[in-house]
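The structure appears below as structure tokens.
This structure is a prediction, so every number in the text was calculated from the model and none was measured.
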Amino acid sequence: MYGIFMECWVAFKLYFGNPFLPILLIASAVYLTVTEKDLKRKILLGILPIVMMAGFLLPVTKIVYVAAFDEGSDTYYRLLWLVPMYVVIGYAGCRFAVSFGKRKWQRVAGVAVLAALVLSGSLVYLNQYVTVAENAYHIPQHVINICDVIAPAEGEPRVRAAFPSELVHFVRQYDTDILMPYGREMVATQWDYYNVVYEVMEKPEVIDAEALLEATRQTKCSYIVLSVDRRIDKSLTTLGLKLIDTVDGYYIYADPEVIEQG
């Protein structure tokens with residue numbers, strides 16, 4: 001049960017990204033639970049968010065969810081979509097600001113609330129992945145070209161592929177039939193946590209090919225995508241993988257062993 005709890009805890013952290021955001025949400029929900037006079041609002045915006053977040057961290061919740069849905073382990077975080085996060089924070093912030101009697105102190109409180117909101121996010125236009133659109137999908141064209149090579153045909157099961165960190169932001173925006181062992185949270189999050197594929201694929205200056213293959217097989221990756229400029233100690237083809245294509249400066253390897261296992 002402890003292992004399942006830790007999986008829930010990691011998913012919880014990944015969902016919020018910035019550690020300040022869940023603190024702000026929990027503080028807002030508690031504040032509304034204590035101060036809100038309207039019973040319906042107290043329950044909907046105060047009590048229920050706390051109950052849902054606590055329930056999310058319970059191992060039994062994940063066990064039931066995974067049993068009920070295919071690939072439930074990959075989508076468990078979506079339960080947190082049920083928490084009206086920004087409604088709770090926004091309403092609590094407004095209620096807190098107007099709770100001060102004098103207009104001067106209301107303004108000061110309003111500025112403090114806005115500052116807290118700014119600290120919980122980031123300016124999207126400063127993000128390196130915000131660029132001029134190259135196509136109707138508004139994602140880099142080379143990502144589309146790579147995905148088209150490995151995407152399953154209609155009716156076939158989903159595939160899992162390990163992508164370099166500079167591509168992971170875009171893959172599932174284009175094709176949700178391509179799964180990944182780690183996503184954009186590994187690059188963007190301020191939390192510190194472990195992912196076996198990320199550790200061997202992204203952190204070393206020179207990739208240990210055998211360690212990478214062990215990690216991708218452990219996570220059932222049918223494909224590995226690597227930049228042609230990425231340094232690796234030996235060719236993956238010598239370890240049994242097949243180089244199926246080179247697209248826009250990226251090698252695409254298929255792992256027959258994982259593909260045969262389905």
Side-chain angles (χ1 to χ4, degrees), residues 1-2 4-127 130 169 172-173 176 183-185 188-193:
M1 283 294 184
Y2 177 75
I4 299 176
F5 168 77
M6 290 306 299
E7 290 177 359
C8 297
W9 176 240
V10 169
F12 184 86
K13 294 192 297 182
L14 293 180
Y15 178 77
F16 289 102
N18 188 329
F20 186 68
L21 191 55
I23 295 174
L24 187 60
L25 174 59
I26 294 170
S28 299
V30 171
Y31 175 76
L32 292 176
T33 300
V34 173
T35 63
E36 179 58 56
K37 304 301 181 184
D38 185 281
L39 182 60
K40 291 181 179 178
R41 293 176 184 172
K42 180 191 290 284
I43 293 174
L44 182 62
L45 301 179
I47 298 173
L48 277 181
I50 296 173
V51 171
M52 286 188 286
M53 285 187 285
F56 179 86
L57 294 174
L58 291 176
V60 67
T61 308
K62 183 168 185 178
I63 292 172
V64 173
Y65 184 90
V66 172
F69 300 99
D70 292 336
E71 299 174 353
S73 182
D74 291 324
T75 60
Y76 182 65
Y77 72 93
R78 294 178 183 175
L79 288 180
L80 292 173
W81 290 355
L82 299 174
V83 181
M85 177 165 56
Y86 292 109
V87 176
V88 173
I89 295 174
Y91 180 65
C94 291
R95 183 176 177 82
F96 173 75
V98 301
S99 66
F100 292 85
K102 294 184 179 181
R103 184 66 60 86
K104 177 180 68 174
W105 294 114
Q106 288 179 350
R107 291 172 178 169
V108 172
V111 172
V113 169
L114 290 175
L117 292 175
V118 169
L119 290 173
S120 69
S122 59
L123 182 59
V124 66
Y125 297 108
L126 296 180
N127 191 294
V130 177
H169 285 70
R172 288 181 57 78
Q173 294 181 49
T176 57
R184 62 184 179 85
E185 71 281 351
T189 187
Q190 297 180 35
W191 299 96
D192 183 22
Y193 70 98

Would you call [X] and [Y] a side-chain contact if the rule is heavy atoms closer than 4.5 Å?
X   : Y   : result
K62 : F5  : no
K42 : I47 : yes
F96 : T35 : no
R95 : L32 : yes
I50 : I26 : no
S99 : Y31 : yes

Which heavy atom in [X] sits nearest to a heavy atom in [Y], and how many Å separate them?
X    : Y   : value
A116 : F20 : O-CE2, 3.2 Å
A11  : F56 : CB-CZ, 3.9 Å
L45  : P84 : CD2-CG, 4.4 Å
L21  : I89 : CD1-CD1, 4.1 Å
Q106 : A97 : CG-O, 3.3 Å
L44  : L48 : O-CB, 3.9 Å

Problem set entry | Ring geometry between Y15 and Y77 (parallel below 30°, tilted from 30 to 60°, perpendicular above 60°) | tilted

Problem set entry | Whether F12 and W9 hold their rings parallel, tilted or perpendicular, with breakpoints at 30° and 60° | parallel

Exercise. About how many Å separate CG of L57 and CD1 of I4, when rounded to the nearest 0.5 Å?
Worked result: 13.0 Å

Exercise. Out of curiosity, L119 CG to N18 CG, how far, rounded to the nearest 0.5 Å?
Worked result: 8.0 Å

For this session: Assess whether side-chain contact (heavy atoms from CB on, under 4.5 Å) is satisfied between Y76 and T61, documenting all intermediate values.
Result: CA-CA 9 Å; Y76 182 65; T61 308; 3.5 Å; yes

Exercise. Would you say T176's side chain and R172's backbone share a donor-acceptor pair under 3.5 angstrom?
Worked result: no

For this session: Could you go through the side-chain contact (heavy atoms from CB on, under 4.5 Å) check for I63 and M1 one step at a time?
Result: CA-CA 10 Å; I63 292 172; M1 283 294 184; 3.8 Å; yes

For this session: Would you please say whether a donor-acceptor pair under 3.5 Å links the side chains of Y91 and S28?
Result: no

Problem set entry | Trace of the side-chain contact (heavy atoms from CB on, under 4.5 Å) decision for F16 with M85 | CA-CA 10 Å; F16 289 102; M85 177 165 56; 3.4 Å; yes

